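Following: one structure in structure tokens, then a few remarks.
The model shown is predicted, which means the values in this text are computed figures rather than measured ones.
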Amino acid sequence: MSRIQGTVISSGTELEKLIYERATKIPDLDEFLVKTLHTQEAGIWVASKKQVKDSKIIHSKYEPDFLAFDLIKKVCYVIEVKDGDTFDTKKANGEHITLHNFTNDVSQALAFSFQIFICCFNANTREEVHTGLKGKFALTEILTGKELCILFKIDYNEITKIRTNDQQANLDYFIKQLLVIPNIKNMIVKRLKG
């Protein structure tokens, strides 16, 4: 079970990586924050969780998955990305509080307005996510994976195709690992015969 949990966690990390690799990346977050405050360069510029953590300008114990900056609108999007779209009430509330706490921590240091988002990448609609998050996030604070990809100007279908291929490999690995456990292998063989 711990290996399954590890696979779930690594799947989320892989998703963040696939998104970030395709986004318009900020090479140096602190330099970007100092030099771009008064520019009007179009596009959405994205910083990773690691860049937020390493920043000398941003001070918060919270680290969202992404910060995305719209220099025309002067908006900083604070984004958490999840694979699933169903959480218990406590977890959903915790995610909401964390995003708002981060925004409160950094709002004085950055000359941007802020918008928080939770993105449930595999959800089809914001309404699905809203229900799965027990109403803890407003519909205006929710993105589907397709909507996030539109915001970042990246290809949603490319990411889902890569992930679908990985899912089959993960399933094969999972089955092989189950069959290594003698009691489970015996139970499976018994069920197949019965």
- Message: Using a 3.5 Å distance criterion without hydrogens, assess whether the side chain of N122 forms a donor-acceptor pair with backbone atoms of D83.
- Response: yes
- Item | Considering all heavy atoms, the nearest D65-E16 contact | OD1-OE2, 3.2 Å
- For E80 and L99, indicate whether the former's side chain and the latter's backbone hold a donor-acceptor pair under 3.5 Å. no
- Taking all atoms of both residues into account, what is the closest heavy-atom pair of I142 and E147, and its distance? O-OE1, 4.0 Å
- Task: Please work out which of the three classes, parallel, tilted or perpendicular, describes the rings of F32 and F69, given edges at 30° and 60°.
- Result: tilted
- Has K25 got more than 12 heavy atoms of other residues, nucleotides or ligands less than 6.0 Å from its NZ? yes
- Contact check, side chains of I116 and F102, non-hydrogen atoms, under 4.5 Å: no
- Message: Surrounding CD of Q108 (heavy atoms of other residues, nucleotides or ligands, distance under 6.0 Å), is the total greater than 12?
- Response: no
- When you look at NZ of K49, are more than 12 heavy atoms from neighbouring residues, nucleotides or ligands closer to it than 6.0 Å? yes
- Message: Within this structure, what is the CD1-CD1 distance for the pair I154 and I159, rounded to the nearest 0.5 Å?
- Response: 4.0 Å
- Item | hydrophobic_cluster_shared for F112 and I57, side chain cutoff 4.5 Å | yes
- Task: Taking all non-hydrogen atoms of both residues into account, name the closest pair between E31 and D28 and its distance.
- Result: N-OD1, 2.9 Å
- Taking all atoms of both residues into account, what is the closest heavy-atom pair of L148 and V81, and its distance? CD2-CG2, 4.1 Å
- Are side-chain heavy atoms of K176 and V180 found at a separation under 4.5 Å? no
- Note on the structure: Between D30 and K56 the two heavy atoms that sit nearest each other are OD2-N, 2.7 Å
- Item | Partner of I79 by side chain to side chain contact (heavy atoms under 4.5 Å, CB included), out of L151, L67, V46 | L151
- Looking at CD1 of I58 and NZ of K53, how far apart are the two atoms once the value is rounded to the nearest 0.5 Å? 14.0 Å
- Query: Which pair of heavy atoms, one from Y20 and one from I26, lies closest together, and at what distance?
  - Reply: OH-O, 4.0 Å
- Query: Are Y156 and F121 an aromatic pair by the rule of ring centers under 6.0 Å?
  - Reply: yes
- Backbone N/O of S48 and side chain of Q51: donor-acceptor pair under 3.5 Å: yes
- So, the side chain of E95 versus the backbone of K136: is there a donor-acceptor pair under 3.5 Å, distance only? no
